Structure formats: C-alpha cells, structure tokens
Amino acid sequence: MTLRLVYDEIRLGVRQACDALGYPATEFDLSEASRPEFGDVSCNAGFLLAKALKKRPFDIAQALAIQYKKNLGTYVSEASAHDSGYLNFTANYELFTPQVIHSSLRANYGAVDLGKNSKMVIEHTSVNPNKALHVGHVRNVIVGDTIARILHKASYDTSVLNYVDDSGLQVADIIVGFKYGGYSDKAPEGQKFDHYCGDVVYVKITERYETDKALAEMRSHVLKELEEGTSEIAKFGDDLTRRVLEEQLKTCWRLGVTYDCLNFESQIVRSNLWTIAFEKMKSMGITELEKEGKLAGCWVIKYESEEEDKVLVRSNGTATYIAKDIPYAAWKLGILEDPFHYKQYAVQNTDRVLWQTTLDEKDTKMHFAGDRVITVIDSRQSRLQKLITKIMSDFKSKPDSYVHLGYESVTLSPETAKTLDLDTGGKSVQMSGRKGIYVSADYVLDVLSSRTFEEAKKRNPELDEMVLVKISEQVAIGALRYTMIKQDLDKIITFDLTESLSLEGDTGPYIQYAHARAMRILEKSGKTLNFETSLDGIDTVYEKDLAKIIGKFDLQVEDAAKNLSPKIIAKYCYQLAVSFNAFYEHVKVLTADSESVINARLCLVYSFKETLAKALQLLGIDAPDRM
RNA sequence: GGACCCGUAGCACAGCUUGGAUAGUGCGGACGCUUGCGGAGCGUCAGGUCGUGGGUUCGAGUCCCCCCGGGCCCGCCA
C-alpha cells in the first residue's frame, strides 16, 4: 500500500462521479495538493470540463465533490471543491499511515516494474586512462552510477560499462613523455600513479610540444603503433594504461561506484567490429563514397538533418574516430556478433565481479549487450552523440534504443581557481586536464573527509578512531555525491572548494543526520517494536506528512527512472529528512503519553529510517547510525 | 554564420515534460529556541515586474515567436 493506491482510487472515483453526472469523459490530472490546507490530492477536472459544460470550474468541482462523497471509498476521508476550481481530496490517515508503515518494511519497498527485467546497458566514467579523475569526471561517474541504481530499482536488468580509451591521443601523449620526454615511469613516493601521469607528464609534455616539434611528431607515430597493437610501444602503452586505470578505479570504488565490464578501445580497434559495421553501413546506404568536391575520395555519412557531411573514412583509406564509436555503440545494443571474450578483472564490494573484454579465445563468453543503451557523456559531445543515435536507430529500427544522457560541465569558481594560482577576473573557469586546470576527486574527498572527521570527533569524543574515520568517509562521500546529483543535468555546476565543505541545509550530511537521529531514538527506546498491534494515535500534522512522504517512494522512483532524472531521488531524500526533522522537533516519541503511542511512533520512526536508507542507497550514499 | 543548453530574491537552485489556488528551498542577512529523543537541528522576519517584447488562452514562470545576455559545440584531430 502506498500513495499510488490513493491516487488510483481517486482517479476511479472521479471517473465514476463524472459518469453519474453525465459529464463527458476527460483526461483529468491528479497532482499533489500545493498547500497542506488544500488536502493531499488535487484534481483539475473542473477546469477541463468548464468549456464543454459552459459552467464555472468551481460549480463542476462542487457537483463532483458532492457526487464523490456519496461513496468515499477506502482511502479518502474528504472531498471538497475549492473556490479556485480545484477538486481536493484528503487521505484517510487512520488507515493510510499504518498501511504505509507495514508496506515500508518490505525489503524491496519502492521498487516499480517499469523495466520488466529487460536488459539495459549504462555506460559511464570512460575517462581517458592518462590522468586522475577530477571533479568534472566525478559528475559523470555519479550521474551514471545513480541512474544505474535507479533503473535497477525500476526492474531493469542493468549492465554497467566503463569504456577505456587506451588507444587515443591522450594516452599517446604520456607514452611520448615516458619514452621520449625523459620522465620516469614510476611515480614519486606518496603520489598516486594516475596523479603523477596527469599532473606532471601529461601537462608538461603538452607544454613542450609548443617548442619541441620533434616530440610532437612522435605523438602521431605512437598513436599509429597503438592502433596496430603489435609493437613494443603498444605493449608498453597497454601496461601503462592498466596501471592508470587501476588507480582511477580505486577512486571510483571509494565513491561507492561499481561496474560490470571494462571495454578496451584497443580491442575494438583490433577486432573485426569496424569492418562489419562499415559493411553494414554501406549496404544500408548510410555512408557513401564521395565522388567530387572537397571531400572527394572519402566515405561520408549524409543525413538531411545534419548541415554538414561527416567524414567516416578519409581519402587515404584510414578511418576517423567515429569508426571506433559506431561499432562500440552497435556492440552495446547487441546488433553485431560479439567478437570479445571476457575474463575477471576484480571483485568489487565482496561480491560484484568486474569483467573485462579480451580477444583471447581461451576466455569465456558473456553477454553485456542490452535492448536499450544509455551513454552518459558530457553534453559538449551531443553533436556526435546525435549522429550515433541516428545511426543506431537505423541499425536497430527502433528510435529510442540508444540514448545519450548528456549533462553540463563542472567549472571552477573564481575563488577555487585562485587556489590554483589562476586569476580569472571574477569568472568561473572550465577545467582542463591538458592545461592542468582542475581539482582532483581524491583531493576533494581527502579534504572533505578530514573536515567531517573533526566534526564527528567533536560530537562523539568517546568513539574509536577507526569508527570515526569510517563515519567521516561516509559523510564526505555523501556530501560530494549529493552536490553532484541534486541539480538538473543541464545546469552547469560551479564547483567551489569552500562551499563544498558545507554540511548544513540542503546537503548530503543534513539528510544523513536525520537518519542518525532516527537511529538514536530507536536505540535509546530499548524496545522491540510491535508492528502487529494497532498503530493508531499518530495523527499530528507532522506524523501525517511523514507518512505521506514515505508512502510516495515508488512514485518517485518511477518518475526518476522514466525521466532519467537522478535529482528527483535527491529531492525526495531531502523532503524525507525535512519532514522527519520537523516531526523530531515537535513530536515526542520516548516520552509520549501511552505505551501504545510510543510503540506506534517508534514504528513510524523505523519506517522512516528504513525508507530513507533505501532512498539514499539509490544515490549511493550510506546512512550512518551515528555521526 | 549554424546547432544545442542556461537566464526565477545578494548568491546557488526547485517549479516548466502534463498551463490553473498567496511562485518554493538552501546559503548569506536580522532575530529567537537546548535541565527535554543529539543544535550537522527547529522557528520567525526581510528579500522576487520569474531576462525583454509580442502571441495563444477564460487563465502563462510553465506553450509559441522575436530579441537581449551568458555558456558550449561545429577538422580528411581524437
């Protein structure tokens, strides 16, 4: 039983009332009442019928309310018309609250069956393996991970992929650095290898290209060797990228993010996927050999919707970079025969196996492809992604099987830029790995973690150091993950280091704190909760509001999954915490008047705690028992 | 030149998909709340011509168009 049932009952009841009054059928909407004094659910049927019936919305709502009240049903206690024309309903909380509490005890509470167990592939992270993750990458990682968690809750059978671009220009850059630039391929003591590669080798070698043309030429040479994959350089590169990748993954795992498979670009290049995809495109007429003009001799993709033709194969016969993206996208959708074998890369969180692609026939066969694919990439790539979406919908002859989930970038605030010795004249600045303008994810986590450690220690001086470290890490990750998810994907996040340390207001720690408070009440009560007795006597506005919000968890999951909008769950967690804090402040639990009320309130607190923990889990945020 | 995104209080955002009831929240500012289940909390107040102009509608922050401001993308690079 959740709020959904109340909606369903009202929808049916209003339809019946319309029929009884002889009103025409109409697709009215039910929505949450905008203010508490309007009740719980509002219906706009009055407005919609006004024209057809030539009556005022209020009169229609009034008639409907009277008709509806002849049979109030189970979960509605009041139906009334408002002057504005809305038809408002109030839930029957005597019944609703205990039933919501019972429902919320289910392990899979909040789950919805949108996906029907269909295969869904989510690709995210996909950071070039030549540097450490910075806060811009973190947005990708967290958005992707949260979407995967939400879709899993919505009954999709999800596979999470991380694409490793180990044969690209950025990797070539650091190889040049190590092989020809004189940099040691060991990081200095105390520095992670990915940081060393990004902070030192990548940035410095890029600077040196400016003056050292010979070095710059080595880059294209190295790139060619990487693609061919047989030389000593390629072997060196392979070893190198795996060392960087290992460090990058440590950062992701620290954030609570796990994957199912690592897809190496070098293997896509060395497999036959491209040849097959190219033939398919030719036979479908997606690409044509240009006969004249400036693109003469190139295979190009022509789409009327695009103003420019896109070169797929150069006049010298070599393929452009989309020749890597197209077969990979097709592979993700299971359109092409899978040339890969798979072997175990690691075990994450004690039980989740991370696989990796191989071209070794001795390894096993697996299936990671999906009926639908979501690719999480920065919206700066939406031009290319639009093209791939189009090609995939032609391949699959289903328009929405490939989805580019774009998001705006993370920029650095002028104050934070200053800490990197950058004067931006009061404007925020785009991060750039190449130019060394970024704040690394590990650094932010470390700073946050030590800040939260101080705070936790102050509050819990008696707790063991190791316990405090664990709590502060949970809170630090909660803080970072929440800031990355709470606002809309198409809004730029201006990252400010000082601001990110805030633990008050609309933040992850605020929400976690509500959970810790609830936990402490339950602990302190020392009681075994009795859910089987009548849970009445909890009828203050605070308790009703809390029950209502607990009761709409599944509706929020559905909304978030349908719209691929992780912030909906973030807002929901915040709403839960706000409602609980109001309850906490105004309603006494342990010192309530009677044992039965104490029990009922404890049950509500337990229900809240469980629901918040489940919702936070969708955000990959731990719910600490104390903090 | 063309494509896409953003513009709502001092700052950061929600609300726009599906048009209706006094436009919400956080930070910052002012003031208050703890012998009580933990103050990472709660409460009160101040602060908004929803970028401009037009259109559609009984009704527009929400839909349509023009314009203005900001961002970002547009290679036989990857």
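To find a chain, count down the sequence lines: A is the first, B the second, and so on, and within it residues start at 1. From a predicted model like this one, the values you see are computed outputs, not experimental measurements.
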Handout entry: Which nucleotide in B:C76, B:A78, B:C42 has an atom nearest any side-chain atom of A:C298
Key =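 Nearest to the side chain of A:C298 among the choices is B:C76.
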
Handout entry: Which residues share a side-chain contact (heavy atoms from CB on, under 4.5 Å) with A:A600, sequence neighbours left out
Key =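 For A:A600 the side-chain contact (heavy atoms from CB on, under 4.5 Å) partners, ignoring immediate neighbours, are A:L535, A:I538.
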
Answer yes or no as to whether [N] has its base stacked against [X], where stacking requires a ring-centre separation under 5.5 angstrom and planes under 30 degrees apart.
X      : N     : value
A:Y513 : B:G41 : no
A:Y584 : B:G41 : no
A:Y86  : B:G20 : no

For [N], take OP1 and OP2 only and decide whether either is under 4.0 Å from a side-chain N or O of [X].
X      : N     : answer
A:R601 : B:C37 : no
A:R380 : B:A3  : no
A:K427 : B:G71 : yes
A:K567 : B:G15 : yes
A:K491 : B:G7  : yes
A:K524 : B:G38 : yes
A:R314 : B:C77 : yes
A:Y510 : B:C42 : yes

Side-chain donor/acceptor contact of [X] with base of [N] under 3.5 Å:
X      : N     : value
A:N88  : B:A21 : yes
A:R517 : B:G38 : no
A:S379 : B:C4  : no
A:S42  : B:A21 : yes

Practice task
Would you mind telling me which residue lines up with the more 5' stretch of RNA chain B, A:V589 or A:S502, judged by nearest nucleotide?
Solution key: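 In this pair, the answer is A:S502.
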
Practice task
Between A:S409 and A:K588, just flag the one whose closest nucleotide in RNA chain B comes earlier from the 5' side.
Solution key: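 Final value for this comparison: A:K588.
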
Problem - With sequence neighbours excluded, residues passing side-chain hydrogen bond (donor to acceptor under 3.5 Å, both in side chains) with A:N599 - result: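 If we apply the side-chain hydrogen bond (donor to acceptor under 3.5 Å, both in side chains) test to A:N599, skipping adjacent residues, there are no hits.
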
Practice task
Treat a base pair as Watson-Crick or G-U wobble with both distances under 3.5 Å, then lay out RNA chain B in dot-bracket form, 5' to 3', with | for cross-strand pairs.
Solution key: ((.((((..((((......[...)))).(((((.......))))).....(.(((..]....))).))))).))....

